[in-house]
Number of protein chains: 4
Amino acid sequence: MQRKFPRQQRARATVEAILQAAAQLLTDLGFEALTTARVAERAGVSVGSLYQYFPNKQALAAAMIDYYAEKLSAAFIEAVEMRPYGSLEETIGAMIEVAMVAHPHDPKLHLALNELAPRYRAEKVREVGDRIAGIIEGQLARHRHEIAPDLDLGEAAALIETLLENVVHRAIERHPVSVRGERAIDQCGRMIMAYLTSTRRHAA
Amino acid sequence: MQRKFPRQQRARATVEAILQAAAQLLTDLGFEALTTARVAERAGVSVGSLYQYFPNKQALAAAMIDYYAEKLSAAFIEAVEMRPYGSLEETIGAMIEVAMVAHPHDPKLHLALNELAPRYRAEKVREVGDRIAGIIEGQLARHRHEIAPDLDLGEAAALIETLLENVVHRAIERHPVSVRGERAIDQCGRMIMAYLTSTRRHAA
Amino acid sequence: MQRKFPRQQRARATVEAILQAAAQLLTDLGFEALTTARVAERAGVSVGSLYQYFPNKQALAAAMIDYYAEKLSAAFIEAVEMRPYGSLEETIGAMIEVAMVAHPHDPKLHLALNELAPRYRAEKVREVGDRIAGIIEGQLARHRHEIAPDLDLGEAAALIETLLENVVHRAIERHPVSVRGERAIDQCGRMIMAYLTSTRRHAA
Amino acid sequence: MQRKFPRQQRARATVEAILQAAAQLLTDLGFEALTTARVAERAGVSVGSLYQYFPNKQALAAAMIDYYAEKLSAAFIEAVEMRPYGSLEETIGAMIEVAMVAHPHDPKLHLALNELAPRYRAEKVREVGDRIAGIIEGQLARHRHEIAPDLDLGEAAALIETLLENVVHRAIERHPVSVRGERAIDQCGRMIMAYLTSTRRHAA
DNA sequence: GATGAATGAGTTTTCATTCAT
DNA sequence: TATGAATGAAAACTCATTCAT
C-alpha cells in the first residue's frame with residue numbers, strides 16, 4: 001500500500017506535465033494544431049502514456065478546461081475573501097484584477113480556453129460561471145445599500161460575470177500591454193460602478 | 001484571397017453557393033466538422049470548383065469572415081443612420097439590437113465566426129471593429145452634452161464596441177432565447193447608459 | 001479557300017505559343033510542375049484552345065520533343081554541310097559546338113527534354129539519333145584515311161553521337177559557364193580525336 | 001531528411017521495406033506512377049508508417065537516391081581497390097564494368113534514379129560525382145607516366161566520370177543487352193585509353 | 001473556334017488511436 | 001506500466017479533361 005505512493009506521485013507529475021504541454025501548445029499554435037503526438041512530445045512522455053491518463057483527445061481538452069476553470073474560480077474566491085471589509089469599489093477592482101491576471105503567464109491561453117470550453121465542457125463552464133456569479137452576488141449583497149434598489153442582484157451579478165470573462169480579455173487582446181489596454185480596464189471598472197449605482201432613469 | 005475573379009454569371013453563383021454552404025455547415029456542425037468536401041457537396045458543386053475559388057480552407061474561412069463582417073458593419077451603419085435624430089438612449093438601444101440580430105437567421109453563426117475571426121483574419125477584425133467604434137464615437141459626439149465630460153469619447157466607444165461584440169453574444173449563448181437572455185440585454189443597455197452619464201466619483 | 005489562310009496562320013501562332021510556353025515551364029519548373037493550365041496561361045490561351053491542338057498532355061510532350069529534336073537535327077546537318085571541306089578536327093569541333101548551343105537559350109531545356117524523350121517518344125529519339133549518327137558517319141567516311149583502320153565507322157559514329165548528346169550537356173550542368181566547363185568541352189574534342197586516330201594497341 | 005531515427009528493430013525493417021518497394025515501383029512503372037499509397041502497399045505497410053519515416057514524397061525520392069548513390073560509390077571504391085596493382089587498361093575496364101553493373105538487378109533502376117537525382121538531390125549527386133572523380137584521379141596518378149604529360153589529371157578524371165555515368169547507361173538504354181551494346185562499352189574503353197595516351201597534336 | 005467554369009478521380013498528407021514489445 | 005511503431009480512415013488538395021456558353 002505504501003509502495004503505491006511513489007507511483008501515484010509520478011502519475012500526478014505526468015498528468016501535470018501533459019496538461020502543461022497541452023496548454024502551451026494551445027497558446028502557441030491554437031487548438032487546430034494541438035495533436036496528441038505533439039502534446040506527448042512536449043511533455044516528454046510517449047503517446048501511449050498520454051492515453052493512459054486521457055482516454056481521448058476530448059478528455060484532454062476537458063481536463064484542461066476543468067483545471068484552469070477551477071484555478072480561476074479559486075483565485076476569485078481567494079481574492080474576494082482576502083478583503084472581507086473592502087468597499088464596493090475595491091471589491092470590483094479586485095475582481096477585475098483577478099480576471100486579468102488569472103493566468104499571468106498567458107492571457108492568450110485564457111482566451112483560447114474560453115473558445116474551447118463551450119464545445120467540450122459547456123456544463124462545467126456554466127457551473128463555474130454560476131459559482132462565480134454567486135460569489136459576486138454575495139459581494140453585491142454586502143453593499144446592497146450602495147446599489148440601485150431596483151437592480152436585481154442576481155441579474156447584475158450574471159452580467160458582471162460575463163463582462164469580466166469576456167470583455168477584459170478581449171480588451172487586452174486588442175490593445176496589448178499598452179496604456180490603452182490599462183485604460184480600458186479602468187473604464188471597465190467605472191462602467192460597472194456606474195451601472196450598480198445608477199438611478200432608475202437609465203433603465204432601458 | 002480568392003484565387004481568381006469570377007467572370008461568368010455561373011461562377012459568381014458557384015462562389016455564393018459555396019459561401020452559403022460553408023456558413024450552414026459552420027452553424028450546424030462547427031468548424032471542426034467543416035471539411036472542404038462537405039462544403040462542396042452541400043453547395044452542389046465539386047471540390048475542384050471550391051478550390052478554383054478558394055485556394056485552401058483558410059481562404060474559405062477568411063472569405064466567410066469578411067463577408068459577414070462587412071454585413072455587420074453595414075447593418076450597423078444603416079441602423080444608426082436611420083434615426084439621425086434619436087436620443088442617446090434610443091441610439092444605444094438600436095446598436096444593441098443590431099449586435100443581437102445582426103444575423104437574424106443565425107446567432108450561432110455569428111458566434112462561430114467570432115471564434116474563427118481572430119485566428120484567420122485578425123487584421124480584418126480589428127479594422128471592422130475600429131470602423132464600428134468610429135461610428136459609435138460619432139453618435140456619442142452628437143450627444144456630448146449628455147455624457148460625463150471627463151469621458152474620452154474614443155475610449156468609451158472602444159469599450160462599448162467590445163461590449164456589444166462579446167457580451168451580447170455570450171449572454172445569448174448562455175441563456176438562449178430565454179427571458180433571462182432578453183433581460184441581460186436590457187441590463188446591458190442600462191449599463192452603457194449609466195457609464196456614459198456617470199459622474200466623476202465613479203472613476204477607478 | 002483563301003479565307004482559310006489567316007485562320008491557319010493564327011492556329012500556327014497559337015501552337016507555337018503553346019509549345020514555347022511549355023518549353024519555358026519545363027525549364028523553369030520541371031515536368032512534374034508542368035500542368036496544362038499553366039501552359040495555357042503562360043501561352044496567353046485558354047485550356048480549351050490547348051486541347052484543340054493537343055488532344056492530351058502526352059501529345060504536348062511529344063510535340064515538344066519532336067519540335068526540338070528536328071531543330072537539333074537540322075542544326076546538325078546545317079553545321080556540317082556548311083563546311084564541306086573542313087578537316088576532321090574542324091568537323092568534330094563544329095559538331096560539339098552544335099551540341100552545346102543547339103538551344104542557345106537553354107541548356108537546361110535540352111537536358112529536360114532528354115529525360116522526357118525516352119518516355120514519350122522513344123521511337124523518335126532513336127530515329128533522330130540514328131539520323132545524326134548517319135551524318136557523323138558520313139563525315140568520318142570523308143576522313144577515312146585519318147582514322148584508325150580497325151574502327152568500325154558505324155560504331156564510332158554511334159558512340160560519338162551518344163557522347164555529344166549526353167556528356168556535353170552534363171558537363172555544362174555541373175560546371176556552368178565556368179572556365180572548367182569550357183575546358184571540359186575542349187577535352188571532349190580531344191577525346192574524340194584521340195579515339196578516332198588511336199592505334200590498335202588501345203583496343204580493349 | 002528522415003523524420004526520425006528508427007530505434008526498434010521493427011522500424012528498421014519497415015524503412016527498408018519501403019525503400020525496396022519504392023525502388024521496385026520506380027523500376028516497374030517509373031516515377032510518375034510511384035505514389036506513396038502504392039509504395040506503402042507493396043511494402044506491406046500502411047501509408048502512415050511511410051510518412052512516419054519520410055515526411056513527404058520528395059524525402060522518399062531523396063532517400064532512394066542517397067542509398068543507391070552510396071552503394072555505387074562503395075562499389076566503385078571496392079572495384080578499384082581490389083586490384084591495386086592492375087595496369088591502367090585493366091583499371092579503366094574495371095571502372096566501366098562497375099558503372100554498367102552497379103545494380104546488377106536493375107539497370108532500369110539506375111537510369112531512373114539518374115533522372116531523379118539532379119532534381120531532388122543535386123548536391124548529393126555532385127558530391128558523389130566528385131568523390132568518384134577523386135578516386136579516378138588517384139588511379140590516373142598511379143599511372144602518370146603512361147598518360148599524356150599535358151593532361152590535367154583532375155580534368156581528365158572529371159571527364160571520365162561524366163562519361164561513365166552517362167554514356168554507359170545511355171548506351172545500354174538504346175541497345176539493351178545486344179551485342180552492339182557490349183561493343184559500345186568496349187569502344188568506350190578504347191576511347192578513354194586513347195584520350196589518356198594521346199599526344200599533344202590532338203588537343204583542340 | 002475560343003473560352004474558362006466545372007468535374008472528380010486520384011494524390012498527398014494528417015492524426016487520433018491501438019497494440020506488440 | 002511505458003514505449004513508440006503501426007494503423008487507416010479521413011482530410012486537404014491537384015490537375016487532366018470535358019463541355020456549356
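Reminder, nothing fancy here: chain letters follow the sequence lines and each chain counts from 1.
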Most 5' of C:Ser46 and D:Ser49 on DNA chain E, judged by nearest nucleotide: C:Ser46
Which residue lies more 5' along DNA chain E, comparing B:Leu50 with A:Gln58 via nearest heavy atoms: B:Leu50
Ion pair B:Asp28/B:Arg42, N-O distance below 4.0 Å: yes
C:Tyr53 OH - F:dA16 C1' separation (whole Å): 20 Å
Interatomic distance where CZ belongs to A:Phe31 and C1' belongs to E:dA16 [whole Å]: 11 Å
DNA chain F: 5'-proximal contact among B:Ala37 and A:Gly44 (nearest heavy atom): A:Gly44
Flag if over 12 foreign heavy atoms under 6.0 Å of CD, A:Gln24: yes
Within 6.0 angstrom of C:Tyr51 OH, more than 12 heavy atoms from elsewhere: yes
D:Lys57 to D:Phe31 six-membered ring, cation-pi geometry met (6.0 Å, 45°): yes
Do any N or O atoms of the protein come closer than 3.5 Å to N or O atoms of nucleotides 9-11 of chain F, and which pairs are they?
none

Strand DNA chain F in bracket notation, Watson-Crick/G-U under 3.5 Å with | for pairs to another chain: .||||||||||||||||||||
For A:Val39 against A:Ala21, the heavy-atom pair lying closest together: O-CB, 3.6 Å
Nearest listed nucleotide, side chain of B:Ala11, among E:dA2, E:dA6, E:dT3: E:dA6
Nearest-neighbour nucleotide for the A:Gln52 side chain, F:dC13, E:dT17, F:dA2 considered: F:dA2
